[in-house]
K.L.:
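Got a structure for you, written out below as structure tokens; questions coming shortly.
All heavy atoms count here, side chains included; hydrogens, waters and symmetry mates do not. So that the names make sense, note that chain A is the first sequence line, chain B the second, and so on, each numbered from 1. Because the structure is a prediction, the values reported are computed rather than measured.
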Amino acid sequence: MTSPQNIKGMRDHLPPAMLLRQHILHTLTTVFERHGFEPLGTPILEYAETLEGKLGEDEKLIYRFEDHGGRRLALRYDQTVPLARVVAQYSGQLALPWRRYAIGPSYRGERPGRGRYREFYQADADIVGSSSPLADAEIITILTESLTVLGFTDFTTLLNHRQIIGGIARVSGLDEAAAGDVYRAIDKLDKIGSDGVREELHERGVTPAAAERILTLVQLDGSPDDVLHELDTQLHGDERAIAALANLRAIIVALEAMGVPPACYRVAPRLARGLSYYTGLVFEAITAHWPAGSLLGGGRYDELVGMFAKNSVPTVGLAFGIDRLHDVMEELGLGPRATTTAAVYVTIFSTEQVAASLTLVQELRAAGINAITALDASSGLGKQFKEADRKGLRYALVLGPDELAQGMVSIRDMQSGAQHHVARGEVATELCRLLAAGAAS
RNA sequence: GUGUCUGUAGCUCAACGGUUAGAGCGCCUGACUGUGGAUCAGGAGGCUGUGGGUUCGACCCCCAUCAGACACCCCA
């Protein structure tokens, strides 16, 4: 391999992409902290044993290897299992319920595809140690706020409950083992249609009568109240499912109180979700602009932490897929379209004026303005303007003999080409004013 | 992990198995004034993803490998 190359499924992020990613991460951090969540950092590497036995079939996607000492290590598959490890390990230091967020890369040895990579960023927010429906509702509220602040206008959060899924399987006469298979088929409803699902169910040995029952229940649609009411009737007699419906109702009541618009969520009994550790609420956000998988997902997993600790620790949380968010936002033109970090370019007129320009640029920086100077004092103004233009900087300053003599600085608007003089002492305030006006429009 | 397709200049793409692999855009230099975008003139840039094979001769055909796209599978 003579020419440099990326490892399969792992990407570089050049400045324009990285700026959007950072905008996303910063926005999510702000929302998380607005809700009082605390940051947690854990290593990318864990003992393989820590990750094994929690993910079901997905386990084969874990990157595993041995270190120099022959220890079996693994790259983390998500940030949830490490959270569970931390909760068990530091149980004495953590006051529960604990609201924590974590942002970082995880790794899965999958075949890369649209919106799917082997190294991908997730932003997680979880409430550890509470089984209250208020915790579930808080997570959904964070989800809604985050997507709204990022600029999404037409997303929907699908809500479901593992015990509704279980109940539907049970009243259709299936045992727990078969239910998983069935739900994998139902999860594809949007993609292959009800006929396709019917066929798949048949292939998996579900009787036609049971398949029809399942399809009917799973395709219930309408207002959350209507869907829950109908499920109540249909699942009558299945205690766990009835309890799940009550739980969803309580969550929705809390959502309403927190002002989450009803148009943002639906009860969708067909939502399955793959990760095997979920035990209660499950949800994911979808948008018509991204047919390939969900933007984020999550749910309640009350037993996972208990696999490390002795007692069970009820937990609910979500994970944003940063790479998918990024790709969708790019397609929709959401977020800042900056290609660089600086806003102002200070030219250097000639080798005699180097000091004057350097002094000026430091003043701008002290005033909170991101600014750069030319690095080659002997290059002409034309070349310097060109550099400023190519970088996408909004303003260029000229400080030549004429300006120096008059105690002025020329401010050039690189978009319009217009140029005006400002007194040397007023430059920073004038630029702040211009930049604020530009940001507002 | 399975299947299909793709890989040529920084980017988008040409080139019948046959001379020295081309074009547009971009990049660099100059015309050019104390000033970018426009125009004109010139210039740099390639072991055709990589490694084998077939052939007198390979960008082109065959095999392998790496990377990418799409559809499965699954998921963020």
K.L.:
Please classify the nucleic acid contact of K383(A) as base, sugar-phosphate, or nothing, using heavy-atom distances under 4.0 Å.
P.N.:
sugar-phosphate
K.L.:
Could you work out the separation of C70(B) and U12(B) based on their P atoms and round it to a whole Å?
P.N.:
15 Å
K.L.:
Could you go step by step and tell me if E212(A) and R198(A) meet the salt bridge (charged side-chain N to carboxylate O under 4.0 Å, His left out) rule?
P.N.:
CA-CA 8 Å; E212(A) 287 314 313; R198(A) 191 172 290 119; 2.6 Å; yes
K.L.:
Any chance you could encode RNA chain B as dot-bracket? Rule is Watson-Crick or G-U wobble with both distances under 3.5 Å; [ ] for pairs crossing earlier ones, | for another strand.
P.N.:
(((((((..((((....[...)))).(((((.......))))).....(((((..]....))))))))))))....
K.L.:
With sugar-phosphate meaning primed atoms plus P, OP1 and OP2, does G109(A) contact a base, only sugar-phosphate, or nothing at under 4.0 Å between heavy atoms?
P.N.:
nothing
K.L.:
Out of A76(B), G68(B), U35(B), which nucleotide sits closest to the side chain of Q122(A)?
P.N.:
A76(B)
K.L.:
Can you tell me if F120(A) is stacked onto the base of A76(B), using a 5.5 Å centroid cut-off and an angle below 30°?
P.N.:
yes
K.L.:
Give me the distance, rounded to whole Å, that separates A38(B) from A44(B) when you measure between the C1' atoms they each carry.
P.N.:
23 Å
K.L.:
Going by atom types alone, do T141(A) and E138(A) pair a side-chain donor with an acceptor below 3.5 Å?
P.N.:
no
K.L.:
Name the residue closer to the 5' end of RNA chain B, choosing between E119(A) and G417(A) according to the nucleotide with the nearest heavy atom.
P.N.:
G417(A)
K.L.:
Measure the CG-CZ distance between L271(A) and R266(A) for me, rounded to the nearest 0.5 Å.
P.N.:
10.5 Å
K.L.:
Between the base of G36(B) and the side chain of R412(A), is there a donor-acceptor distance below 3.5 Å?
P.N.:
yes
K.L.:
What is the separation between atom CD1 on I139(A) and atom C1' on A76(B), rounded to the nearest whole Å?
P.N.:
16 Å
K.L.:
Could you check Q406(A) against H421(A) for side chain to side chain donor-acceptor pair (under 3.5 Å), going step by step and ending with a plain yes or no?
P.N.:
CA-CA 10 Å; Q406(A) 300 168 39; H421(A) 296 280; 5.0 Å; no
K.L.:
Rounded to whole Å, please give me the gap between CD1 in I7(A) and C1' in U50(B).
P.N.:
17 Å
K.L.:
Under 4.0 angstrom, heavy atoms only, what part of the nucleic acid is D323(A) near: base, sugar-phosphate, or nothing?
P.N.:
nothing
K.L.:
Examine the base of A69(B) for any acceptor or donor lying under 3.5 Å from a partner atom in the side chain of R114(A), and report the outcome as yes or no.
P.N.:
no
K.L.:
Going by modelled atom types, is there a donor-acceptor pair between the base of G3(B) and the side chain of R111(A) at under 3.5 Å?
P.N.:
yes
K.L.:
So does Q419(A) reach the base of U35(B) with its side chain, donor to acceptor, closer than 3.5 Å?
P.N.:
yes
K.L.:
Is there a donor and acceptor pair closer than 3.5 Å between the side chain of Q79(A) and the base of A76(B)?
P.N.:
no
K.L.:
Please measure how far the C1' atom in A9(B) lies from the corresponding atom in A76(B), and state the result in whole Å.
P.N.:
37 Å
K.L.:
Got a salt bridge between R85(A) and E46(A), using NZ or NE/NH1/NH2 to carboxylate O under 4.0 Å?
P.N.:
yes
K.L.:
Do you know which two heavy atoms are closest between T42(A) and R76(A), and how far apart they sit?
P.N.:
O-NH1, 3.0 Å
K.L.:
Looking at the base of C75(B), is there any donor atom on it, or on the side chain of R324(A), that sits under 3.5 Å from an acceptor on the other one?
P.N.:
yes
K.L.:
On the nucleotide C27(B), are OP1 or OP2 found under 4.0 Å from the side-chain N or O atoms that R390(A) carries?
P.N.:
yes
K.L.:
Just to verify, what does D154(A) make a salt bridge (Lys or Arg N to Asp or Glu O under 4.0 Å) with, not counting sequence neighbours?
P.N.:
none
K.L.:
Rounding to a whole Å, what distance do you find between I62(A):CD1 and G1(B):P?
P.N.:
16 Å
K.L.:
Do we get R21(A) above Y121(A)'s six-membered ring, with its NZ or CZ under 6.0 Å from the centre and within 45° of the axis?
P.N.:
yes
K.L.:
Taking G18(B) as the reference, what is the distance to G42(B) when you measure between their P atoms (whole Å, please)?
P.N.:
32 Å
K.L.:
Checking one value: the base orientation of C70(B), syn if chi is within 90 degrees of 0, otherwise anti.
P.N.:
anti
